[in-house]
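These notes are about the structure you will find just below.
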Protein chains: 2
Amino acid sequence: MARTAGSHAETTGPRVREAAQRLIARHGYAAVSMRQIAAEVGVQAGALYLYTPDKQTLLYDLMRLHMEELLATVEALPPLDDPRAALDRFARFHIGHHLDRPEAVFIAYMELRNLTPENFAAIEALRRRYEEGLAAILRDGVARGAFALPDLRLATRAIIAMLTGVTHWFRDMGPMGRDEVAACYAEMVLKTVAAP
Amino acid sequence: MARTAGSHAETTGPRVREAAQRLIARHGYAAVSMRQIAAEVGVQAGALYLYTPDKQTLLYDLMRLHMEELLATVEALPPLDDPRAALDRFARFHIGHHLDRPEAVFIAYMELRNLTPENFAAIEALRRRYEEGLAAILRDGVARGAFALPDLRLATRAIIAMLTGVTHWFRDMGPMGRDEVAACYAEMVLKTVAAP
DNA sequence: GTCTATATACCGATAGAC
DNA sequence: GTCTATCGGTATATAGAC
């Protein structure tokens, strides 16, 4: 991966984040060294500090960018009036979006404990904003008689845990395609909260 | 934490595993040093190697003991004929057992990637055996018309992900007690797979 | 913008005294 | 059974040459 010296500011910054994302997803934040990331990019370790003040900020930026993209995408969806249609779309969106970004999802899930308290709080706030989007769908469905839940907050977390679980085992070479998997999960989620 | 020299073989072994479990659950395997574990126990770093051949085996033993205890407990439950009763009991058991062992559960989920390939395969086999216990309940329920599922394997994983998710947010000081939470989840799980 | 070199500190694991 | 001391290696981050 060695390369000769030169100026590549425009491309090196993103490549640092891409390399960090790939390595951290595979080996974990604490186990990945700045030297490994630099080798993956093709620069020396010291050069990384032109693009991030330190290793912690590199991790924080990966997680923040992931959550901001997730929120921007879901909040840009046109509203749906029918609660069942909204929940069905949410389930399929969540699975599809997460299966398209396995590395970022894995990091967002596994590396929370390696954030400083301030950075953790910022990521947690974004995560709660996403959760609230699902809670709003469920709340509306209950109010309109389409859904029945023992507890709104529990149901919200249960559904997100169920849907995110797909990323732990799904492989593109497996027996089911991602649309088929998403359809199965959407069906189960709807049953979970359906009114009798 | 310093202490004077002496012989404490009977107590030091378990205390090493307890300290390792506490520290690894909080900071992650890669971020915890043998020196930190030794300090927590109250011995010097070199003394740890009387109780484990290396750091990797220490992690593997924690995960193996956790899975073996989980399997022994669930497989010792008396059989239930009604599929709905069996699933209800499984959901409550899973949540109760996991909430009682938050550190072991956290490690079992987060540190799989830090196992050597051989150790990973052994833990994965135990995990699949546990999953199969739930799959058997669902399969029986489908055969007897109590349950209806889009896919047996997906439903098994979806339910385990949903139930295990409780450990990520449950706090004993929160608004709901653990039995109340378990009851809500059991109700949702039953709805998820109920026949129409 | 990137390099080489380095400061300072910690790591896992082992050897040998007691 | 535990300690002290240490080996060989790696870590993050910085300084200064080009």
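None of these values were measured; they are calculated from a predicted model. So that the names make sense, note that chain A is the first sequence line, chain B the second, and so on, each numbered from 1.
One finds no side-chain N or O of A/Thr12 lying less than 4.0 angstrom from the OP1 or OP2 phosphate oxygen of C/dG1. Between B/Tyr29 and C/dC11, a side-chain N or O to OP1/OP2 separation shorter than 4.0 Å is absent. A/Gln44 has a side-chain polar atom (N or O) that falls below the 4.0 Å cut-off from OP1 or OP2 of C/dT4.
For A/Phe93, the ring-ring contact (aromatic ring centres under 6.0 Å, His included) partners two or more places apart in sequence, or in a different chain, are A/His97. Under the rule for a side chain to side chain donor-acceptor pair (under 3.5 Å), the partners of A/Gln56 that lie at least two apart in sequence or sit in another chain are A/Asn119. Scored by the ring-ring contact (aromatic ring centres under 6.0 Å, His included) test, B/His66 finds no partners at all (sequence neighbours excluded). Residues forming a side-chain contact (heavy atoms from CB on, under 4.5 Å) with A/Arg127 (at least two apart in sequence, or on another chain): A/Met67, A/Glu124, A/Glu131.
In the set D/dG1, D/dA11, C/dC11, the nucleotide with an atom closest to the side chain of A/Ser33 is D/dA11.
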Encode nucleotides 13-18 of chain C as B, S and - characters from 5' to 3', where the letter depends on protein heavy atoms closer than 4.0 Å: B to the base, S only to sugar-phosphate, - to neither. BB----

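Counting only residues at least two apart or in different chains, salt bridge (charged side-chain N to carboxylate O under 4.0 Å, His left out) contacts with residues 179-196 of chain A are absent.
Tracing side-chain contacts under 4.5 Å through hydrophobic residues (I, L, V, M, F, W, Y), one reaches B/Trp169 starting from B/Met176; they form part of the same cluster.
Taking atom CG of B/Leu59 as the reference point, atom P of C/dG12 lies 13 Å away to the nearest angstrom.
Position along DNA chain D of the nearest nucleotide to B/Leu50 versus A/Ala31 favours B/Leu50 as the more 5'-ward residue.
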